[in-house]
Protein chains: 2
Amino acid sequence: MGQGDVPDIVVGRLPIYLRALKRLQADGHEITSSHELSRRLGISSAQIRKDLSHFGEFGKQGTGYHISALSNALEGILHVDREWHVALVGVGDLGRALAHYGGFVDRGFRISLLFDSDPAKIGQKIGDLTIRSLDDLAQSITENGIKMAMIATPAGAAQEVANHLVAAGVRSILSYAPIVLSIPDEVHVQYIDPVIHLQKMAFYLD
Amino acid sequence: MGQGDVPDIVVGRLPIYLRALKRLQADGHEITSSHELSRRLGISSAQIRKDLSHFGEFGKQGTGYHISALSNALEGILHVDREWHVALVGVGDLGRALAHYGGFVDRGFRISLLFDSDPAKIGQKIGDLTIRSLDDLAQSITENGIKMAMIATPAGAAQEVANHLVAAGVRSILSYAPIVLSIPDEVHVQYIDPVIHLQKMAFYLD
DNA sequence: TAGATTGTTAATCGATTAACAATC
DNA sequence: TAGATTGTTAATCGATTAACAATC
């Protein structure tokens, strides 16, 4: 039930389960089963049950799972039953798209700080938020107690930005820069690079 | 050396190796080793050697790997020693960012068709490309022999778009919509949903 | 030669699946 | 009750790692 004994790969599937449950709920379902989830997600029902069993017993024999109860439980386990404030560094095309994206808030996250190195952008507003200088990064992040950040800078700037983020107390980084970052072990990093996905699929083509 | 006998998880690491090699090359290196790659990528040297051994022998005992030779070999294995034309469906903020992104071309991909359902957008240009109606999707994709597509539509439209893409002959889809798509087994799908990554990392926070 | 590193084998480790008693 | 589905165990499957002979 703790964190240390749950395999990372299991943790990685929990958000997938949560997303599916939210969707079922939005579609008006109240009850589901490991078999129904299996069909929808392409993950075996045994695996779904085993994954959940790391955290407790959420179902009822013969019936399945009450969607809202399981959904709430997963939100608690994932710590997304609150709102995490997230800093976004790099307000180019991608950063702008992320800043405008409406899909963060109802899933536990809110972008609340924007940074860019371009003097022409500093001071500009996107929605409620003003783009700040990288010089203010450490102070703003510390003051706001921010623990999560997204990097949407060019690859060449990403490592230095990551260093500053970590120094300022950020403990989780989602990076869109196509490089592997050097980061202390206790800081979590995840990467999004669409080309990696395209190249993987190209292997199977032709 | 074929495709059927190589584990999917191994294929998934090849683009990571390729990206690291390109970077080493850009930094002026000519030779590397499984140990150096291991240090940079956080993947064990034994695993790197084992992964590569599925496809041939690329190194030299005592020396390591000639970067450009291994890089070329991986490009061939991944089929990115050519340019894949990719269709992009959904030209909102994210689609626009993808259309402007310069990082596709030198890694084997070119967005060459844009589609959107919004009549106000149809006919607009982004760079060289004109945004087309979804009504033209089947014909354009078939005519251009396009095999890969990216979906950057709202979640509600993604499944129907995917159906049309598959019907038109697309065999690999990279979807940014936060839903699992129902797709025939022979079509490859990959997903990018930043919230999934953030939620996974939130588990370890607090 | 001495040192380094590969490719590969065998051992270990961990994840997935099948099966089923419990029970709603 | 009969049917369905859970949670869990044990078996299977697959991936990672350690170790080393080969050799540059």
Those residues of residues 12-36 of chain A lying under 4.0 Å from DNA chain C by at least one heavy atom: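 Residues of residues 12-36 of chain A under 4.0 Å from DNA chain C: A:Arg13.
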DNA chain C in dot-bracket form (Watson-Crick or G-U pairs under 3.5 Å, [ ] crossing, | inter-strand) is ..||||||||||||||||||||||
Testing A:Leu70, A:Leu41, A:Leu37 for side chain to side chain contact (heavy atoms under 4.5 Å, CB included) with A:Tyr17, which one passes? A:Leu41
Taking the basic N atoms (NZ, or NE/NH1/NH2) and the acidic carboxylate oxygens, is any pair closer than 4.0 Å for B:Asp116 and B:Arg132?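 Judged by the 4.0 Å cut-off on N to carboxylate O distance, B:Asp116 and B:Arg132 do not form a salt bridge.
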What I want to find out is whether A:Arg107 reaches A:Glu75 closely enough, with some N-O distance under 4.0 Å, to be called a salt bridge. no
Do the side chain of A:Ser71 and the main chain of A:Ser68 share a donor and acceptor less than 3.5 angstrom apart?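 Side chain of A:Ser71 to backbone of A:Ser68, a donor-acceptor pair under 3.5 Å: no, none is there.
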Side chains of A:Leu137 and A:Leu165 in contact at under 4.5 Å (non-hydrogen atoms):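 SC-SC contact between A:Leu137 and A:Leu165 confirmed.
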Under a 4.5 Å cut-off applied to non-hydrogen side-chain atoms, are A:Leu88 and A:Leu113 in contact?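 No, their side chains stay 4.5 Å or more apart.
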Start and end of chain A contact along DNA chain D [non-hydrogen atoms, under 4.0 Å]: D:dA4 to D:dT9
side-chain hydrogen bond (donor to acceptor under 3.5 Å, both in side chains) between B:Asp51 and B:Gln47, intermediate numbers included: CA-CA 6 Å; B:Asp51 284 350; B:Gln47 179 152 91; 5.1 Å; no
Quick one: do A:Leu205 and B:Arg171 satisfy side chain to side chain contact (heavy atoms under 4.5 Å, CB included)? Show the steps, please. CA-CA 8 Å; A:Leu205 286 182; B:Arg171 291 167 58 200; 3.7 Å; yes
Using a strict heavy-atom distance below 4.0 Å, which residues from residues 60-74 of chain B are in contact with DNA chain D?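 Listed by number, they are B:Lys60, B:Gln61, B:Gly62.
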Residue pairs meeting side chain to side chain donor-acceptor pair (under 3.5 Å), one or both in residues 81-92 of chain B, sequence neighbours left out, come to A:Asp206-B:Arg82, B:Glu83-B:Arg110, B:His85-B:Ser112
Only pairs under 3.5 Å count here: list side-chain donor-acceptor contacts from residues 181-190 of chain B, not counting sequence neighbours, and write none if there are none.
from	atom 1	to	atom 2	distance (Å)
B:Gln190	OE1	A:His197	ND1	2.8

